[in-house]
Amino acid sequence: MESTKKDNEIITLRQVKGADVLDILNCAGISEKFFNRSRAWFIQRLNNNIVNGKPVSFTPAELFKLRTALKILASEITDFTTNIPNLPTDMAIKVYVIDNPEAIQYFINDDVEGFKEYLASDDMFEFPEPEFFDTEAEALAFCSGIGYGADERATPDRYPLRSCEEADLPFIEALENYLEY
């Protein structure tokens, strides 16, 4: 049988697993936005302070409201993090999407030396700037659908070179050396 909190029962939220997250949250913001109360009111209940001679805690309705508020904040934080620009770092995974059919043939045939010679033959090739990703999973998700179309026997129109793929590294190095000049 599941236990439920009675109105006069003291719940010690600080003892709930994961409660240390409350130390980094803005309690004033939570209490004002979701409870329309002061920071002091929120902290008193959070810490089970003595008020009017008795320890206080959140009522069942307030606990439900707090749970809902924290879920809303988690969702807002997740939305915000997806909007933060993805700036390149040393640990970022680079993805070059190549649409040069001749260059793609060198990748398919795993011909690094031929690719280097191809690059040396002309200084007017244009290649796109790389996309940067924090994780290999993000890079792979970006690359899904790039490459082969309806006929997998045909040469793809676009080919991704990923810095997380050992086989792609020599091609990326050659491409970056070419782009430096």
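Below, all heavy atoms of this structure are taken into account, side chains as well, without hydrogens, waters or symmetry copies.
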Write down the atom of Tyr96, the atom of Pro130, and the distance for their closest heavy-atom approach.
CE2-CD, 3.6 Å

Nearest 0.5 angstrom please: Leu161 CG to Ile104 CD1, how far?
9.0 Å

So does Asp79 have more than 12 non-hydrogen atoms from other groups sitting under 6.0 Å from CG?
yes

Taking side chain to side chain donor-acceptor pair (under 3.5 Å) as the definition, give me every residue that meets it alongside Lys65, ordered by chain and number, with sequence neighbours left out.
none

When clusters are formed by joining ILVMFWY residues with side-chain heavy atoms under 4.5 Å apart, either directly or through shared neighbours, do Ile72 and Ile77 land in the same one?
no

With Lys94, which residues qualify under side chain to side chain donor-acceptor pair (under 3.5 Å), at least two apart?
Glu176

Under the rule for salt bridge (charged side-chain N to carboxylate O under 4.0 Å, His left out), what residues qualify as partners of Glu126, not counting sequence neighbours?
none

Looking only at atom types and distance, does a side-chain atom of Glu62 sit under 3.5 Å from a main-chain N or O of Thr59, one as donor and one as acceptor?
yes

Pairing residues for Arg162 by the side chain to side chain donor-acceptor pair (under 3.5 Å) criterion, not counting sequence neighbours:
Glu165

Residues passing the side-chain contact (heavy atoms from CB on, under 4.5 Å) test with Leu73, sequence neighbours excluded, are Ile30, Phe34, Leu70, Glu76

Approximate separation, where rounding is to 0.5 Å, of Ile93 CD1 and Cys164 SG:
4.5 Å

Strictly distance-based, threshold 3.5 Å: is any side-chain N or O of Ser31 a donor or acceptor partner for the main-chain N or O of Cys27?
yes

Atom pair OG1/CD of Thr12 and Gln15 - distance to nearest 0.5 Å:
4.5 Å

Partners passing ring pair (Phe, Tyr, Trp, His ring centres under 6.0 Å) against Phe64 (at least two apart in sequence or in another chain)
none

Connected via hydrophobic side-chain network under 4.5 Å: Val51 and Leu13
no

Test salt bridge (charged side-chain N to carboxylate O under 4.0 Å, His left out) applied to Glu129 - qualifying residues, sequence neighbours left out:
none

Check side-chain contact (heavy atoms from CB on, under 4.5 Å) between Glu113 and all other residues, then give those that pass, not counting sequence neighbours.
Asp111, Lys116

Residues at least two apart in sequence or cross-chain that pass ring pair (Phe, Tyr, Trp, His ring centres under 6.0 Å) with Phe115, listed by chain then number, are Phe107, Phe171

How far apart are the C-alpha atoms of Val97 and Tyr159, what are their side-chain angles, what is the distance that settles it, and do they pass the side chain to side chain contact (heavy atoms under 4.5 Å, CB included) test?
CA-CA 6 Å; Val97 179; Tyr159 193 96; over 6 Å; no

Report the C-alpha separation of Leu66 and Phe35 in whole Å, then their side-chain angles, then the decisive distance to 0.1 Å, and conclude whether the side chain to side chain contact (heavy atoms under 4.5 Å, CB included) test is met.
CA-CA 8 Å; Leu66 178 60; Phe35 292 93; 3.9 Å; yes

Listed by chain and number, what are the side-chain contact (heavy atoms from CB on, under 4.5 Å) partners of Asp122, not counting sequence neighbours?
Met124, Phe125

Would you sort out whether Leu140 and Thr135 count as a side chain to side chain contact (heavy atoms under 4.5 Å, CB included), showing the intermediate values?
CA-CA 9 Å; Leu140 292 174; Thr135 66; over 6 Å; no

Test item: Glu173 side-chain N/O and Leu169 main-chain N/O as donor-acceptor pair under 3.5 Å
no

Using side chain to side chain donor-acceptor pair (under 3.5 Å) as the criterion, list what pairs up with Gln105, not counting sequence neighbours.
Thr155

Within the 3.5 Å criterion, strictly below it, is a donor on Asn100 or Tyr118 matched to an acceptor on the partner's side chain?
yes

Determine all donor-acceptor pairs shorter than 3.5 Å in which one atom belongs to a side chain in residues 40-50; sequence neighbours excluded.
unit_1	atom_1	unit_2	atom_2	d
Arg45	NH1	Trp41	O	3.2
Asn47	OD1	Arg14	NE	3.0
Asn47	OD1	Arg14	NH2	3.2
Asn48	ND2	Ile11	O	3.0
Asn48	ND2	Val56	O	3.0

Can you confirm whether Ile98 sits close enough to Pro160 that some side-chain heavy atom of one is under 4.5 Å from a side-chain heavy atom of the other?
no

Are any of the side-chain heavy atoms of Cys143 and Val95 separated by less than 4.5 Å?
yes

